Amino acid sequence: MNLNRRGILLALAMAALRASTFAYGPVGHEIVGAIADERLAHTAEAAKVNTLLDRLTLERAAVIADEIKGWDKNGVDDPRSFHYSAHRNIDRQLRDFWKANQPAHGMNSAMPSHHWFHYTDVPILPPQEYRDGSTGRSKWDIVHMIPYCIEVLQGRVPEQNERKITKPVALILLAHYVADIHQPLHVGAAYFDEQGRFTDPETNKAALADEGGNTFTLELSDEPPRRRGIRKEKFHEFWDHAAVNALFSQAPATLRKKELEAQIEPLKKDLIHDMATREPRNWQMPTNVSVDSYAEMWADEILPIAREAHARLEFRKVKPLRDGDRTVATGEALEKPAADKTLYRKWASMVAREQLHKAGWRLADLLQKIL
């Protein structure tokens, strides 16, 4: 989700590195959106959602913010680019949004990239909350963009804004970002010193960031044998996909993508209904807290989990990786024996289940309050 600064082509290449794995992947985002759909069913807010999204469900809308990254390579006006032809007004607004937030510029550009809106990179060490420092945060990160979308939907920010976020686009983005901020590696990041040890980037200005786990491969103790030509999974990618797919243990992980998706689909529907009808623990926000503060509270809540996601691993062969005009960290992450004897995959899957459950209820609750 970060960018290269060496011209447009290299910028797009680095954007692909950080954004190649989407938070919780399409399955996770669909679960969150579908929980909210079921929670809102037959309400006035559901009718407003239906109108704003031109009959798209939240389950469908929740994956669009990642899908439009497919426009990055050739541009939205390329004849080969896909479009949402059945929803022409939304398609036009999404294309305007993409053009206003293209990924072909550096971090200091006045025009942000839509990739930046999906995450923040708060250091996991020393333990801290979002507002305790500045490293990894920006005015374009997810903690800022969730309340921005809320303001658009409430009419506090006009739809004719520089970011081209209309009310339908704001709803599409919210349906996605609420899931993103419940994925540990979309909020917490590790920073390393030159010896490959964790360091505090606030005091060590030479610290190397791990790009939210996108530059580290992951090796787990229960890793199935890899078929020839299959690369090692990235740390971030594991949390996007494998941690969610592990919720569907009935579907063999060794299946090819299409076969796995087909087996997961009916299991996913059962899981969604169970989550939508059973209240998660500790999901509600304090009644005296403004909806504008929800994103920061959610980020602070997930940071300890992001720390544990790193603490359960051993980081090896950490070395610098040149990224345009800066250097990041790359290396290997290996599972360590856990004090509680729980395998990393099982622990991560339990975390994913709890966070997806909360995110679905929180999305529904947020929409009830702002629509």
Side-chain angles (χ1 to χ4, degrees), residues 21-70 84 86-87 90-91 93-94 97 114 117-119 142 145-146 149-150 152-153 165-183 186 239-241 243-245 247-248 261 264-280 283 291 294-295 298 352-371:
T21 50
F22 306 142
Y24 282 134
V27 174
H29 283 288
E30 288 166 354
I31 289 172
V32 171
I35 291 171
D37 281 328
E38 191 164 340
R39 295 292 307 158
L40 294 173
H42 311 301
T43 65
E45 291 78 19
K48 293 176 183 178
V49 167
N50 187 62
T51 298
L52 283 169
L53 296 181
D54 190 27
R55 304 179 310 283
L56 287 172
T57 63
L58 289 169
E59 178 178 6
R60 176 67 187 92
V63 300
I64 290 176
D66 277 341
E67 288 178 343
I68 64 173
K69 293 172 183 175
Y84 300 93
H87 307 276
I90 285 180
D91 181 73
Q93 293 172 47
L94 286 169
F97 166 73
H114 65 98
F117 304 163
H118 292 245
Y119 68 96
I142 192 168
M145 292 310 297
I146 286 177
C149 291
I150 289 171
V152 171
L153 282 167
I165 296 178
T166 60
K167 288 186 178 182
V169 170
L171 182 52
I172 286 168
L173 298 179
L174 263 187
H176 188 89
Y177 296 160
V178 171
D180 276 356
I181 206 167
H182 286 80
Q183 205 269 48
H186 270 253
W239 277 93
D240 286 347
H241 299 279
V244 176
N245 289 344
L247 295 173
F248 311 106
E261 289 174 350
I264 282 177
E265 188 60 27
L267 302 173
K268 184 183 73 173
K269 289 181 178 179
D270 290 341
L271 178 65
I272 288 165
H273 181 66
D274 176 65
M275 287 183 167
T277 53
R278 186 172 47 83
E279 186 172 5
W283 71 273
V291 292
Y294 281 10
W298 294 337
R353 182 187 181 103
E354 179 181 15
Q355 294 304 317
L356 293 171
H357 196 180
K358 282 184 179 180
W361 277 64
R362 286 173 171 173
L363 175 59
D365 177 66
L366 178 61
L367 295 180
Q368 284 181 315
K369 289 172 177 173
I370 67 176
L371 293 180

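Remember, predicted model here, so these are calculated numbers, not experimental data.
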Exercise. For the residue pair W298 and H182, does the interplanar ring angle fall in the parallel (under 30°), tilted (30 to 60°) or perpendicular (over 60°) class?
Worked result: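 Geometry flag for H182 against W298: tilted rings.
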Could you check if a side-chain atom of [X] sits within less than 4.5 angstrom of a side-chain atom of [Y], using non-hydrogen atoms only?
X    : Y    : answer
H186 : I181 : no
E38  : I272 : yes
F248 : V27  : yes
H118 : D66  : yes

Nearest 0.5 angstrom please: [X] [atom1] to [Y] [atom2], how far?
X    : Y    : atom1 : atom2 : value
H87  : L56  : NE2   : CG    : 4.0 Å
L356 : L247 : CG    : CG    : 7.0 Å
Y177 : I172 : OH    : CD1   : 10.5 Å
L367 : L171 : CG    : CG    : 6.0 Å

For this session: Applying side chain to side chain contact (heavy atoms under 4.5 Å, CB included), run through W283 and D365 and close with a yes or a no.
Result: CA-CA 10 Å; W283 71 273; D365 177 66; 3.5 Å; yes
Exercise. Of all residues at least two apart in sequence or in a different chain, which pass the side-chain hydrogen bond (donor to acceptor under 3.5 Å, both in side chains) check with Q355?
Worked result: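 side-chain hydrogen bond (donor to acceptor under 3.5 Å, both in side chains) list for Q355, sorted by chain: empty.
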For this session: Would you indicate whether K369, at its atom NZ, is surrounded by more than 12 heavy atoms from other residues, nucleotides or ligands within a distance under 6.0 Å?
Result: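 Yes, the 6.0 Å shell around NZ holds more than 12 heavy atoms from other groups.
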For this session: Answer with yes or no after comparing the ring centroid distance for H29 and H176 against a 6.0 Å cut-off, counting only values under it.
Result: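 Yes; H176 has its ring centre under 6.0 Å from that of H29.
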For this session: Write out all pairs satisfying salt bridge (Lys or Arg N to Asp or Glu O under 4.0 Å) with one or both partners inside residues 44-58, taking only residues at least two apart or from two chains.
Result: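 Output for this query is empty, none listed.
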Exercise. Should R353 and D274 count as an ion pair when the cut-off is N to O under 4.0 Å?
Worked result: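 Salt bridge: yes.
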Exercise. Is it true that a side-chain atom of H357 and a backbone atom of R278 form a donor plus acceptor pair closer than 3.5 Å?
Worked result: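 Flag set: sc H357 to bb R278 pair under 3.5 Å.
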For this session: Write down the atom of W239, the atom of V244, and the distance for their closest heavy-atom approach.
Result: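 Closest approach of W239 to V244: O-CG2, 4.3 Å.
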